[in-house]
Q: 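Below you will find the structure I want to go over with you.
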Amino acid sequence: MKVVIVGGVAGGATAAARIRRLDEGAQVIVLERSGYVSYANCGLPYYVGGVIRDREELTLQTPEKFQNRFCVEVRTRHEVTAINPVEKKVTVCALETGESYEESYDKLLLSPGAKPVKPDFPGMDSDRLFTLRTVEDTLRIREFIESQTPKTAVLVGGGYIGLEMAENLMEMGVQVTIVQRPSQLMNTLDYDMAAFVHAKMREKGAALKFGSDVTGFEKHEGFIEVCLRNEEPIQADMAVLAIGVRPDTDIAAQAKIKLGMKGSILVNDRMETSEPDIYAVGDAIQVHHSVSGLDALISLAGPANKQGRIAADNICGGDSCYHGSMGSSVIKVFDMTAASTGLTEKAAKAAGISYEKIVLFPLSHAEYYPGAKAMAMKVVFEKGTLRLLGAQIIGYDGADKRLDVLAVAIHAGMRADFLKDLDLAYAPPYSSAKDPVNMAGFMVENLVTGKIEQFHWDEVPGLPKDGSAFLLDVRTEEEYGRGHVDGFVNIPLDRLRERLGEIDIHKKVYVMCHTGLRSYLASRILRQKGYSCCHLSGGYRFYKTVTSEKYFQPFSHPCGAEKYNPKEKNLEAAFVGES
């Protein structure tokens, strides 16, 4: 059996190694357009920033290693330009010589990946404008930084690449402005959770310019100008275009292989395309979202690796199936972690799923052990069935660990209230006896059993201020004095029982505290005393973070965008545990 694999990196390289493990007699050829067959795509921004110092560390496997260990022939700088499914041949161009030739196959695996979106803007040929997708892109950026020592940079786009590039450039002393049309960074988060990422970026000195349309670039001697629709252009020493990727499927389309959303390749759960003996994996394919059931494009290394393994199994006569992706992801934002899995609130709404959500700020480990910090957790679940739909966590130590536990629970189809029953490891440096995941389960149980009723940050402006309801803030007098929502009366939790006479039992009571814990306790007191009440999900901390972001006012900045003023908000303090 002769197997030709188009593209390496995650999906193709994984499949090649798996095929050899399953079939020692197969002839396996990998055709890779770039000069590197298997490299750490996710590590590229960290090489730019000098965190990864040796370029050789980016290379996971070389053609020589593939040949020596797996007896797989790897031809780098060889681009497949056409597929002939009838004759079972591909046309290949050797990029270094320009020579074209045909290669036959018994089985063909397509792993072309995705390529950066490059709009047809003026000035796209500027030598100060970069994209980041391959090792070659990385080397070009690193060489520019070392030779030109830029002081300012504009990043167009605020996804994973944009944020990682921003962090690495800023750590090198480059002043960064992120420009994009959407009103938030990281579309894998809901707006309210992304507000913590915005605050961290501003705290570190980044300028964020949302709601702006880039219309092109102008080349100048010594700088580049980023042109904006109906706005003044921004001048910088360099610019990085990171507005997303699209499936690189031109050769598949030309071969009449059936395509799906945004030109992605359609495959079944065996990774088979519409053409016999042709398989496809990775960023180029349309997948099934395992939570929503909808079609999706998920450009992540984990799914691509799994798909490569499954395709290899089936190429070798096996019967493996891919059960879809739910987009679990994590990113380092300076010293902070942002992670998500499954459906966000906005994705659940778009999918037409009736859902509920909870927000909590549990500590990373036991409060009495030094260094405990709260993490912001948002869990989304289906009404009625209580099926877990998704989770988002912003925090520090332990945020990724809790996200992974929730990802497993979602994959297993677990009910949100069953999180309370998980038997998770505990020692003071690592967790609390009630782990944050357990706490989420307790909250869901309290909500669905009627022990508590909640309202959310975006409902605060609409609360009745005409005296028909009682708005109660149960924080301490000192906390209340540092900032509060107009209309809320301060009665500290520890004095609530003795001051119940100040609250009209005939009025609905809306209760607020710092994170939602004390307001929950206050609500339990009030409900058992005959009051009708509900408490603010996430508390004043969540409300203040999101609304401060929502109504953030820009001021002067060298790159022409707003800049975070550390005197206005201390994000680090926002993650210190509630006393």
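The first residue of the sequence shown is numbered 1, and numbering continues consecutively from there.
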Q: Determine, stepwise, if the pair Thr81 / Val92 fulfils side chain to side chain contact (heavy atoms under 4.5 Å, CB included).
A: CA-CA 6 Å; Thr81 57; Val92 187; over 6 Å; no

Q: Taking the six-membered ring for Trp, is the centroid-to-centroid distance between His198 and Phe210 below 6.0 Å?
A: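 Yes, ring centres under 6.0 Å apart.
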
Q: Take Asp125 and Lys219, measure what salt bridge (charged side-chain N to carboxylate O under 4.0 Å, His left out) needs, and give me the verdict at the end.
A: CA-CA 9 Å; Asp125 59 341; Lys219 296 184 288 184; 3.2 Å; yes

Q: Between Lys349 and Tyr355 (side chain of the first, backbone of the second, donor and acceptor by atom type, cut-off under 3.5 Å), is there such a pair?
A: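 Not confirmed, Lys349 side chain does not pair with Tyr355 backbone.
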
Q: Going by the salt bridge (Lys or Arg N to Asp or Glu O under 4.0 Å) test, which pairs reach into residues 108-119, not counting sequence neighbours?
A: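 Sorted result for residues 108-119: Lys115-Asp248, Lys115-Asp250.
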
Q: Do side-chain atoms of Ser274 reach the backbone of Lys258 as a donor and acceptor pair under 3.5 angstrom?
A: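 Checking the backbone N and O of Lys258 against the side chain of Ser274, a donor-acceptor pair under 3.5 Å is found.
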
Q: Per the salt bridge (Lys or Arg N to Asp or Glu O under 4.0 Å) rule, what does the pair list look like for residues 279-292, sequence neighbours excluded?
A: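 Non-adjacent pairs meeting salt bridge (Lys or Arg N to Asp or Glu O under 4.0 Å): Arg133-Asp283.
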
Q: With heavy-atom distances below 4.5 Å as the criterion, would you say the side chains of Ile265 and Ile257 are in contact?
A: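 The answer is yes, as the side chains (C-beta and beyond) meet within the 4.5 Å cut-off.
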
Q: Measuring from Glu203:CD to Phe334:CZ, what's the distance to the nearest 0.5 Å?
A: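 It is 9.5 Å, given to the nearest 0.5 Å.
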
Q: Is it true that, when you exclude His288 itself, more than 12 heavy atoms of the residues, nucleotides or ligands shown sit nearer than 6.0 Å to its NE2?
A: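 Atom NE2 in His288 is crowded, with more than 12 foreign heavy atoms closer than 6.0 Å.
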
Q: In Å, rounded to the nearest 0.5 Å, how long is the span from NE2 of His411 to CG of Leu388?
A: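 Those atoms lie 13.5 Å apart.
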
Q: Any side-chain heavy atom of Thr273 sitting closer than 4.5 Å to one from Tyr279?
A: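 No; the side chains remain at least 4.5 Å from each other.
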
Q: Which distance, rounded to the nearest 0.5 Å, do you find between the CD1 of Ile331 and the CG of Asp400?
A: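 Answer for the CD1-CG pair, Ile331 versus Asp400, is 13.5 Å.
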
Q: Quick one: list whatever passes ring-ring contact (aromatic ring centres under 6.0 Å, His included) with Tyr46, sequence neighbours left out.
A: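 In terms of ring-ring contact (aromatic ring centres under 6.0 Å, His included), with neighbours along the sequence ignored, Tyr46 is linked to no residue.
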
Q: Side chain to side chain contact (heavy atoms under 4.5 Å, CB included) for Val267 and Gln286? Distances and angles first, verdict last.
A: CA-CA 7 Å; Val267 294; Gln286 175 178 297; over 6 Å; no

Q: For residues Gln180 and Gly157, report the shortest heavy-atom separation together with the two atoms involved.
A: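 Closest approach of Gln180 to Gly157: OE1-C, 3.6 Å.
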
Q: Does Asn230 CG have over 12 foreign heavy atoms under 6.0 Å away?
A: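 Result for CG/Asn230: open.
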
Q: What residues form a salt bridge (charged side-chain N to carboxylate O under 4.0 Å, His left out) with Glu73, not counting sequence neighbours?
A: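 Counting only residues at least two positions away or on another chain, Glu73 forms a salt bridge (charged side-chain N to carboxylate O under 4.0 Å, His left out) with Arg75.
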
Q: Give me the one residue out of Val379, Thr344, Val380, Thr341 that meets side-chain contact (heavy atoms from CB on, under 4.5 Å) with Leu389.
A: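 Option passing the side-chain contact (heavy atoms from CB on, under 4.5 Å) with Leu389: Val380.
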
Q: Are any non-hydrogen side-chain atoms of Val179 and Leu208 less than 4.5 angstrom apart?
A: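 Side-chain contact under 4.5 Å: no.
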
Q: Is it true that a side-chain atom of Thr134 and a backbone atom of Asp137 form a donor plus acceptor pair closer than 3.5 Å?
A: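 Yes.
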
Q: Please confirm whether the backbone N or O of Thr177 pairs with a side-chain atom of Gln175, one donor and one acceptor, at under 3.5 Å?
A: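 Checking the backbone N and O of Thr177 against the side chain of Gln175, no donor-acceptor pair under 3.5 Å is found.
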
Q: If I compare all heavy atoms of Leu403 with all of Ala391, which pair ends up nearest, and what's the gap?
A: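 In this case the closest contact between Leu403 and Ala391 is CD2-O, 3.8 Å.
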
Q: For the pair Ser364 (side chain) and Lys373 (backbone), establish whether a donor and an acceptor sit closer than 3.5 Å, ignoring hydrogens and angles.
A: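 Checked: pair present.
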
Q: Please name all residues satisfying salt bridge (charged side-chain N to carboxylate O under 4.0 Å, His left out) with Lys378, sequence neighbours left out, ordered by chain then number.
A: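 Result, salt bridge (charged side-chain N to carboxylate O under 4.0 Å, His left out) vs Lys378: Asp190, Asp192, Glu345.
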
Q: Do the side chain of Gln307 and the main chain of Gly282 share a donor and acceptor less than 3.5 angstrom apart?
A: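 Indeed, once roles are kept as given, a pair shorter than 3.5 Å links the two residues.
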
Q: Give me each pair satisfying salt bridge (Lys or Arg N to Asp or Glu O under 4.0 Å) with a member in residues 9-18, each pair once, sequence neighbours excluded.
A: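 Non-adjacent pairs meeting salt bridge (Lys or Arg N to Asp or Glu O under 4.0 Å): Arg18-Asp313.
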
Q: Please work out which of the three classes, parallel, tilted or perpendicular, describes the rings of Phe196 and Phe542, given edges at 30° and 60°.
A: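 Rings of Phe542 and Phe196: parallel, under 30°.
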
Q: Give the C-alpha distance, both sets of side-chain angles, the deciding distance and a yes or no for side chain to side chain contact (heavy atoms under 4.5 Å, CB included) between Leu297 and Met261.
A: CA-CA 8 Å; Leu297 297 178; Met261 60 192 305; 3.9 Å; yes

Q: Taking side-chain hydrogen bond (donor to acceptor under 3.5 Å, both in side chains) as the definition, give me every residue that meets it alongside Arg309, ordered by chain and number, with sequence neighbours left out.
A: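 Arg309 satisfies side-chain hydrogen bond (donor to acceptor under 3.5 Å, both in side chains) with no residue once adjacent residues are dropped.
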
Q: Which residue pairs satisfy the ring-ring contact (aromatic ring centres under 6.0 Å, His included) criterion with at least one member in residues 132-157, sequence neighbours excluded?
A: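 Those involving residues 132-157 are Phe130-Phe144.
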
Q: Among residues at least two apart in sequence or on other chains, which ones pass side-chain hydrogen bond (donor to acceptor under 3.5 Å, both in side chains) with Glu146?
A: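 Counting only residues at least two positions away or on another chain, Glu146 forms a side-chain hydrogen bond (donor to acceptor under 3.5 Å, both in side chains) with Arg142.
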
Q: Does Lys262 use its side chain to pair, donor to acceptor, with the backbone of Ser264 at less than 3.5 Å?
A: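 Not a single qualifying donor-acceptor pair exists.
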
Q: Is the backbone N or O of Tyr36 less than 3.5 Å from a side-chain atom of Ser34, with the two atoms forming a donor-acceptor pair by type?
A: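 Yes; at least one donor-acceptor contact below 3.5 Å.
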
Q: Determine which pairs satisfy salt bridge (Lys or Arg N to Asp or Glu O under 4.0 Å) with at least one residue from residues 222-244, sequence neighbours left out, and list them in order.
A: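 Passing the test, one end in residues 222-244: Lys209-Glu231, Asp213-Arg229.
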
Q: Do Leu189 and Ile394 pass the side chain to side chain contact (heavy atoms under 4.5 Å, CB included) test, and can you show the C-alpha distance, the side-chain angles, and the key distance before you say yes or no?
A: CA-CA 10 Å; Leu189 299 175; Ile394 311 293; 4.0 Å; yes

Q: Find the distance between CG (Asn187) and OG (Ser340) and round it off to the nearest 0.5 Å.
A: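 Answer rounded to 0.5 Å: 9.0 Å.
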
Q: Could Asp335 and Lys200 be called an ion pair, given the rule that one side-chain N must be under 4.0 Å from one carboxylate O?
A: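 A salt bridge links Asp335 with Lys200.
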
Q: Look only at the side chain of Ser111 and the backbone of Gly12, and say whether a donor-acceptor pair between them is shorter than 3.5 Å.
A: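 Looks like yes, one N/O pair under 3.5 Å.
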
Q: I'd like to check the side-chain hydrogen bond (donor to acceptor under 3.5 Å, both in side chains) partners of Lys256; sequence neighbours left out, ordered by chain and number.
A: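 With neighbours one apart ignored, the set is empty.
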
Q: Mind listing the closest non-hydrogen atom pair of Gly158 and Leu163 along with its distance?
A: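 Distance-wise, the nearest heavy atoms are O-CG, 4.1 Å.
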
Q: In Å and rounded to the nearest 0.5 Å, what is the CE to CD1 distance from Met375 to Ile393?
A: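 Result: 6.5 Å between the selected atoms.
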
Q: Quick one: sort the Phe66 and Phe70 rings into parallel, tilted or perpendicular, breaks at 30° and 60°.
A: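 Because their plane-to-plane angle lies in the 30° to 60° range, the rings of Phe66 and Phe70 count as tilted.
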
Q: Please give me the minimum heavy-atom distance between Thr131 and Ile141, naming the atom from each residue.
A: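 The answer is O-CD1, 3.9 Å.
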
Q: Taking all non-hydrogen atoms of both residues, which atom of Leu363 and which atom of Ala374 are closest, and how far apart?
A: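 Smallest heavy-atom distance, with atoms named: CD2-N, 3.8 Å.
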
Q: Any side-chain donor-acceptor pair under 3.5 Å between Asn305 and Thr14?
A: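 Thr14 and Asn305 do have a side-chain donor-acceptor pair below 3.5 Å.
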
Q: How close do Ala376 and Phe361 get, heavy atom to heavy atom, and via which atoms?
A: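 Nearest heavy atoms, Ala376 then Phe361: CB-CE2, 3.6 Å.
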
Q: Using 0.5 Å steps for rounding, measure from the CG atom of Leu44 to the CD atom of Glu136.
A: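 The CD atom of Glu136 is 10.0 Å from CG of Leu44, to the nearest 0.5 Å.
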
Q: Do the side chain of His289 and the main chain of Val291 share a donor and acceptor less than 3.5 angstrom apart?
A: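 Side chain of His289 to backbone of Val291: a pair is present.
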
Q: List in chain and number order the residues that pass side-chain hydrogen bond (donor to acceptor under 3.5 Å, both in side chains) with Thr188, two or more places apart in sequence or in another chain; answer none if no residue qualifies.
A: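 Here the qualifying residues are Tyr160.
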
